Structures are given as C-alpha cells and as structure tokens.
Amino acid sequence: MLITFTDGSQAEFPAGTTPQDILKERKRPGDPLVVGARVDGQPVDLTRPLHQDTRLEFLTFDDPEGRDIYRHSSAHLMAQAVRELYPGAQLGIGPALEDSFYYDIQLPEFLNPEDLAKIEARMAEIVQRKLRIERQDVSKEEAAKLFRERGENLKLELLDEMDDAISVYRQGDFVDLCRGPHLPTTGYIKHFKLLSLAGAYWRGDESKPMLQRIYGTSYPTAEALQEHLHRYEEAKKRDHRRLGRELDLFSFHPEAPGTPFWHPKGLVLMEQAIQYWRQMHQRAGYQEIRTPLILSDVLWRMSGHYDHYRENMYFSRMEDRDYAVKPMNCPSGLLVYKTYQFSYRDLPVRFAELGHVHRFEKSGELHGLIRVRAFTQDDAHIYCTPDQIESEVVNLIGLIFEIYNTFGFHEVRVELSTQPEKSIGSAEMWRRAEKALENALAKADLPYELNPGEGAFYGPKIDFHIKDSLGRSWQCGTIQMDFSMPERFELEYIGADGERHRPVMIHRAILGSLERFIGLLIEHYAGDFPLWLAPVQARILPITDKQHDYARALRERFQAAGLRVEADLRNEKVGYKIRQAELEKVPLMLVVGGREAESGAVSLRVKGQGDQGSRTPDEVIALMREAVDQKRSLLKEDEH
RNA sequence: GCUGGCGUAGCUCAGUCGGUAGAGCGGCUGAUUUGUAAUCAGCUGGUCGGGGGUUCGAAUCCCUUCGCCAGCUCCA
C-alpha cells in the first residue's frame, strides 16, 4: 500500500503495517512525542493496522486531537487505578477537556482529597507497568456480556443507546467502553496530577444518582505540568472575589446572600462604566427610561413570566394585592411604549434602561459578582419594522464590539441560536428573523457558532461570551428577537398606509449584568485598571509632614481638574507609602519632598515602572487628562 | 437545589489526645522627620459562623441551621 505523508512524500509499506511501525522508520532524534495518528483526516491509534493507500499524519501533544488522546488515556489510567483500589467502583464517563480530564465514578464510599494522593501513586505504578493499550471491536452482545460480568451497570446503560459498532479498550485487566483513540501504552503518560473532587449527576440528570467526579491533568513534560499548575495559581490571584476584598471594591454579607454591597471604590468603577455607556448610547440614538422595581402580578401574568419564570421571582403582598419584584425590564418597558402612538416615521424606537432586576438563583449557583440574585442590566428594547431588523442588528454589533474594545476585551465568542422545537410565531417570521441575524453577522464579518434549536421560544438570538480568568465563559451581550411580547401587549404603530401594524421587538444587552461585567473587568485587568476606571488615579506622597500643606494644595488642584487623587498624610516613611500604593494598584504616585515643595514640582512614579523624574503639576494633569479622555493607560501601551 | 469540602481577631493562618485561644499583618498611641516596595516601641484585638446536645470540661465529638468554596443541575 502507498502511504502519503504531510510533507507530500510517499512510501510503500506492506498491508497491515501500523503507524507506529512507520514512525519507527521515520522518527528522528529530538522529534516531539507522537501520541496518535490521523489517517485520511480521522484520528486513530498508533497501533491500528493500515490496509490501503492512505494519507498519514502523526499527532503530537501540540495537536488538539493529540492532546485529547493523551488526556483521554490519562482518564483511563485514573479509572484503572480507582478500580484497583476500590473494587466496587463503577465507571461512568471520562472525557478529555480543554486542558484536563475527568472521570465520573460511582463508589461505595466517599473520597477525600487525601485519597487523590493514593490514586496518583497507583497511577504512577500502572504507568511503570507499561501496559499495552489495545483496541477491540466487538458486537453489542459481546460488550454487554463483558460489562455485565464486571458489574459495570453504568456502562451497560450507555451501551443500550449505542449502535452496533462498539469498541472497547483494554490495558492489563482493565477494560473500558470507548471510541478511542488511545496511546499505545500506559508508559506514555509521564506527568499528571489529580486536581479536585466534585459531585456530578449521572448523565447530567438531576433525578439520577450523583457520581464522584475526579478531575486531573497530564502533560508529556514536567515543565508543562508545572506551568499549568502555576497558571492556575496565577489565575486564582486575579479572582475578582479576592481582588474585590483586597482592593476594597465590594463585600458580601449573609444578610443578603448573592447581592453585592458596593464600597466607594467599587462604585467608582460602576459609575465610570455607566457614564461611558450613556455617552455611547446617546450617540447611537437611544433614549433612557426607568421603570419601577415592584409591579403588580397582573403584569407578570400578561407577560408570561408568571407561567414560565415564577420560580425565580420574588413576591410581595400588600393590601390584598400581589406584587412581584421585576426579574426583567421588558414588561414595564412595554407600558412606556404603549403610552405613545408611534408612526412608522418614529421607528426604530430605542428605549434603554439600566434596570435593577432580582432573580432568585439556587444557592449553589451564586458566584461572587458573576452570578448574583440582584443585578443591573444594561437593557434596551428596540421597536422596529421587520425590514429594519437587519440594519439595527448590524449597528448593534458595531456598538457591542466598540464597547468591548474600550474595556479591553478582544476575545469574544459569538453564538447564533435558532428556532427551538417549542416556539411561537409563524415559520415565516422565524425564517425572516434568522436570516436577518445571519445577514447582520455576515456584514459584520463575524465568525460565530451556530446553535440550532437553542433560541428562546419567542425568537432567535445572538449571544456574546467573554471568558473569566479561570477560562470559564460567561454570556454578556445578547440580541434577542421577540415575536411574543408585541402580541401579548398588542403593540402597534401606524404605517404609511394609515393602518395599525405590529412592530418587531429586539431585546438587547451589551454588558449584560453590570455587576458581572465589573467582575470580569477586575479579572481581566487583574485589578490594574486603566486610568479612566481606576478608583484612585493618583496618590500624593509627602516625604515629611513639612510638605503636608503643599500636598493638600496639590490634591485640591488635581481634584479641580476632575481627577480622583488622594494624599497619604500618615506619619510613615515614603517607602512604606509607596509599597502600600503599589499594593493597592494606584496607577500614579506623586512624591513630594522639600525640593518639590520649594520648586512647585512633583516627582512622578508610575505603578510597576518606578520613578519617572520631576514634572510640574500641570504636566501631570495634562498627561492624566489625556489618558482618561482616550481611555488608555498612561505612559505605556495597554497590554490587554 | 444536589454531592463533597470549609467556617478560629478586620485580613492570612496555627491550635497536638477533649483540659484556661495564638502568630504575622492591620488598627490605636507614642517616638522618629524620613527621597521611590515595609522605622521602632507599647497597646488593642475573639459569642472559635449561629442554635442545640454529649461531657466534670468542647474551637476540638454529635445533631441542626446559616454562609462560603468546587462541581453538577438550572440559566426567560
């Protein structure tokens, strides 16, 4: 048979030769570890015999598929160790993740974090055994018999739903139902660490029993593993919950779980973000409104929230009338729309609302600022004709990316979700709306993922996701078409024909939740905010108390220029004040001693970059004003 | 909500076998008058998350409750 390699070269091999055999002939010293092969585009085991002419590629750990093979075999290794240590263990599923792996296992006893070390030790031992990992294609009956004998009921359940093309992988006494591919032997797995334990419902179903999930990661070199662990530690340091306390931005209290208490410095972030947001929205043709927090249940019954969202709502009863705290702004926003009689000439109407909404989230869901029970949505509703959808969405996408850019977010994942099985509105309406969203995405030249059937029941949507420091992805922006509300609330506008028409409604948010967005900002900048956002933009550090009057005068001058400046008048040495300002991540320090007081100057120090020499206060003010106005960092290019 | 883990001073954390609760940082007071990441000294600090129980005696053991953390589930 004729094998074609990635470099275009070709060679003859006898049928039945495995990629591993071929690799032995072609390998040169210093080549990276090959963990699998790709045959005509399909990843396969290195030990899979080849029988016909093919294109052959070797996969290393640097290929995503290679990494998956490595991690997947690591998961099997871990499962084998657990089966050996806990004979009653039943395996669920154990896939590779982006940079780790896990296995869900049912055990008669609960594991402690200390047990992980035991499992790791056994894994190391199995690696030493250098067991061959062998694939076997079996029939469904054979597989069922095998797992029945081994008491693996969970595997039998999986098997039930599978077609007849079943493969199992063996390494020593261990067998797992698996599609593969895998490493040739357990000896390949060089460096691994088990990371954590957690519960996970079998097949993700709340009604099914909970299994124990063990997370781990593995790498071909010790350095790569160390680097992974180090990265994780660094990420934890920029966790917004930790920085929120350290930088005195906000706090949480058991008296109101899941709802942040903003401290003065944190509120500066919020207010700056809002100021900028208002400016952008005014420019984009929005009018801001504000509607009540508590509204009659009659409204919520009409909007459908009472039927679909009651579990997440807070209720109150006064004078025998029922009220609900709003979980969304749209119903009350619609009441505002209905006070007008709009003509087609008025459309699109864009009403924005920074609405404070309350949603009851299950206690286990709460997560710092990122998942809360009360938050401020940067909401807006656009009412337009069907013909205007596309251009509105194009403009909106532009606005969204401009705002994300200003905040330093350049990595955004975009998803388009289309009509779900259960939905309202005509097929024609859906087709048109989906097309409009697709066209808008194409015009914006945006790559996106398609989520067929994942739209809301009332319309298709585009979602924008941003990642947090630990790589978790969070939805911020959203553009949702809504065919339901205009019907329910009988919205109208007067068309050119003088008749009443129903407008299309677009719900949209850009930051999503201001609270969440600020949490993401904190992590994104690791607390080193660009000057325009920094809660304290500069701190004046007098060297002795003889400069206190000068420091106070300076402070006034900077504050008069609209800058957020403090003076550290404590009886401490300047080194101490500098250290503290650095730790508090104050971007600028203005050191003033006898010399500066004498000459009316300041000694400028930039956080993380040290002494910048003497400047006049006016020079520093001009520098700062410019950086603030341009929303960029001072004296250095924004790294984010 | 579910599974597991955790909760000791404002913060970070120690506390052995059940036997009078500790350190560093912080805060306060004083001395020092300081030149680019920690000056020195003294003082202060606690319902050991809350409640109940076992015990002569509980931070420590048990029950319960609240909160936090990881994951799962959910996310109109």
Side-chain angles (χ1 to χ4, degrees), chain A residues 92 102 104 106-107 109-115 195-215 236 239 241-242 245-246 248 251-258 300 303-313 327-328 330-331 357 359-368 371 420 454-459 461 463 470 472 474-475 478 480 482 484-485 507 512-513 541-548 570-584 589-596 603-614:
Chain A
Y102 69 82
D104 285 346
Q106 189 163 46
L107 286 168
E109 58 195 290
F110 285 111
L111 296 175
N112 301 314
E114 297 87 66
D115 295 325
L195 301 171
S196 60
L197 283 167
Y201 297 109
W202 170 232
R203 320 204 71 182
D205 186 337
E206 230 173 319
S207 67
K208 298 245 163 75
M210 188 167 269
L211 311 183
Q212 298 189 63
R213 176 172 295 182
I214 310 175
Y215 283 92
K236 279 204 288 202
D239 189 314
R241 292 166 297 185
R242 174 185 178 140
R245 188 179 53 239
E246 287 175 358
D248 191 18
S251 55
F252 282 92
H253 303 274
E255 288 78 359
W300 302 111
S303 69
H305 286 87
Y306 196 83
D307 290 333
H308 293 101
Y309 203 61
R310 196 174 359 169
E311 250 101 83
N312 293 287
M313 291 170 67
M328 290 180 205
C330 25
V357 297
R359 298 179 183 178
F360 182 80
E361 303 284 355
K362 294 184 205 164
S363 56
E365 295 305 327
L366 305 176
H367 180 86
R371 193 79 188 262
E454 291 292 308
F457 76 88
Y458 51 74
K461 59 174 184 172
D463 290 327
L470 292 171
R472 292 176 287 209
W474 299 95
Q475 183 196 311
T478 186
Q480 307 189 353
D482 189 341
S484 164
M485 290 290 176
H507 305 250
S513 143
L541 311 178
I543 286 175
T544 77
D545 53 16
K546 292 191 186 64
Q547 291 89 43
H548 280 190
R570 292 174 305 171
N571 180 7
E572 295 289 351
K573 293 170 81 163
V574 74
Y576 180 87
K577 295 179 183 177
I578 286 171
R579 178 179 157 78
Q580 194 144 349
E582 292 270 349
L583 291 175
E584 289 175 30
M589 287 150 271
L590 308 174
V591 177
V592 294
R595 290 200 297 273
E596 287 78 11
S603 171
L604 177 65
R605 183 188 166 97
V606 175
K607 180 193 173 274
Q609 297 177 61
D611 194 356
Q612 306 289 316
S614 183

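Chain A is the first sequence line, chain B the second, and so forth, proteins listed ahead of strands; every chain is numbered from 1. Fair warning: this is a prediction, and the values are worked out from it, not measured in the lab.
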Taking for A/Leu111 and for A/Thr544 the nucleotide of RNA chain B with the nearest heavy atom, the one nearer the 5' end belongs to A/Leu111
- Message: I'd like the C1' distance from B/G15 over to B/A59, given in whole Å.
- Response: 9 Å
Contacts of A/Arg579 meeting side-chain contact (heavy atoms from CB on, under 4.5 Å) (sequence neighbours excluded), chain-then-number -> A/Leu583
**Q.** Pairwise P distance, B/C13 and B/C69 [rounded to whole Å]
**A.** 14 Å
Taking a pair to mean Watson-Crick or G-U wobble geometry with both distances below 3.5 Å, B/G19 pairs with B/C56
For the P atoms, the ones on B/G53 and on B/U8, what distance do you get once it is rounded to whole angstrom?
24 Å
Residues passing the salt bridge (charged side-chain N to carboxylate O under 4.0 Å, His left out) test with A/Asp115, sequence neighbours excluded, are A/Lys118
By side-chain hydrogen bond (donor to acceptor under 3.5 Å, both in side chains), A/Thr544 pairs with (sequence neighbours left out) A/Gln547
At 4.0 Å (heavy atoms only), tell me whether A/Arg245 reaches a base, stays on the sugar-phosphate, or touches nothing. sugar-phosphate
Taking a pair to mean Watson-Crick or G-U wobble geometry with both distances below 3.5 Å, B/A41 pairs with B/U29
- Mind checking whether A/Trp474 and A/His367 have parallel, tilted or perpendicular rings, split at 30° and 60°? parallel
In whole angstroms, the gap separating C1' of B/U34 from CD of A/Gln547 amounts to 10 Å
Could you check, using the six-membered ring where one of them is a Trp, whether A/Tyr458 and A/His308 have ring centers closer than 6.0 angstrom? no
Residue set satisfying salt bridge (charged side-chain N to carboxylate O under 4.0 Å, His left out) with A/Glu572, at least two apart, ordered chain then number -> none
Note: A/His305 and A/Cys330 closest approach over all heavy atoms is CE1-SG, 4.4 Å
I'd like the C1' distance from B/G26 over to B/C43, given in whole Å. 14 Å
From NZ of A/Lys362 across to C1' of B/C75 the rounded distance in Å is 9 Å
Review point. For atom C1', what is the distance between B/C25 and B/U44, given to the nearest Å?
Key: 14 Å
Residues at least two apart in sequence or cross-chain that pass salt bridge (charged side-chain N to carboxylate O under 4.0 Å, His left out) with A/Arg213, listed by chain then number, are A/Asp104
Nucleotide N/O of nucleotides 67-69 of chain B paired with protein N/O under 3.5 Å:
unit_1 : atom_1 : unit_2   : atom_2 : d
B/C69  : OP1    : A/Arg241 : NH1    : 3.1
B/C69  : O3'    : A/Arg241 : NH1    : 3.4

Report task. Remember a base hit wins even if backbone is also touched, and classify A/Met328 as base, sugar-phosphate or nothing at under 4.0 Å, heavy atoms. Result -> sugar-phosphate
Sorted by chain and residue number, the side-chain hydrogen bond (donor to acceptor under 3.5 Å, both in side chains) partners of A/Tyr306 (sequence neighbours excluded) come out as A/Arg301
Student check: side-chain heavy atoms of A/Lys577 and A/Met589 closer than 4.5 Å: no
When rounded to whole Å, the CD to P distance for the pair A/Glu246 and B/C25 reads 18 Å
Rounded to whole Å, CZ of A/Arg371 lies from P of B/C74 at a distance of 11 Å
So for A/Tyr201 and B/G71, does any side-chain atom that can act as donor or acceptor lie under 3.5 Å from a complementary atom in the base? no
In Watson-Crick or G-U wobble terms, with both distances under 3.5 Å, the base opposite B/U34 is none
pair_partner(B/U3), Watson-Crick or wobble, both distances < 3.5 Å, evaluates to B/A70
Assert: residue with more 5' nearest nucleotide on RNA chain B, out of A/Glu206 and A/Gly304, is A/Glu206
Rounded to whole Å, CG of A/Leu195 lies from C1' of B/G4 at a distance of 16 Å
What's the gap between B/G7 and B/U12 when it is taken at their P atoms, as a whole Å value?
13 Å
Handout entry: B/A9 versus B/G46 - spacing of their C1' atoms, nearest Å
Key = 6 Å
Practice problem: Determine the contact category for A/Lys577: base if any of its heavy atoms lies under 4.0 Å from a base atom, sugar-phosphate if only primed atoms, P, OP1 or OP2 are that close, otherwise nothing. | Solution: nothing
**Asked** OP1 or OP2 of B/C72 less than 4.0 angstrom from a side-chain nitrogen or oxygen of A/Arg213, does that happen here?
**Response** yes
From CD of A/Gln106 across to C1' of B/C2 the rounded distance in Å is 15 Å
What one should report as the nearest heavy-atom pair of A/Phe252 and A/Gly368 is CZ-O, 3.3 Å
- request: In whole angstrom, give me the gap between the C1' atoms of B/G4 and B/C40.
  value: 49 Å
Per-nucleotide protein contact along nucleotides 35-43 of chain B, 5' to 3', at a 4.0 Å heavy-atom cut-off (B base, S sugar-phosphate only, - neither), is BBBBB----
Here the distance between atom P of B/G5 and atom CE of A/Met210, to the nearest Å, is 13 Å
When rounded to whole Å, the CH2 to C1' distance for the pair A/Trp202 and B/U3 reads 17 Å
Contact class for A/Gln480 vs. all strands (heavy atom < 4.0 Å): base, sugar-phosphate, or nothing?
-> nothing
Residues at least two apart in sequence or cross-chain that pass salt bridge (charged side-chain N to carboxylate O under 4.0 Å, His left out) with A/Lys208, listed by chain then number, are A/Asp205
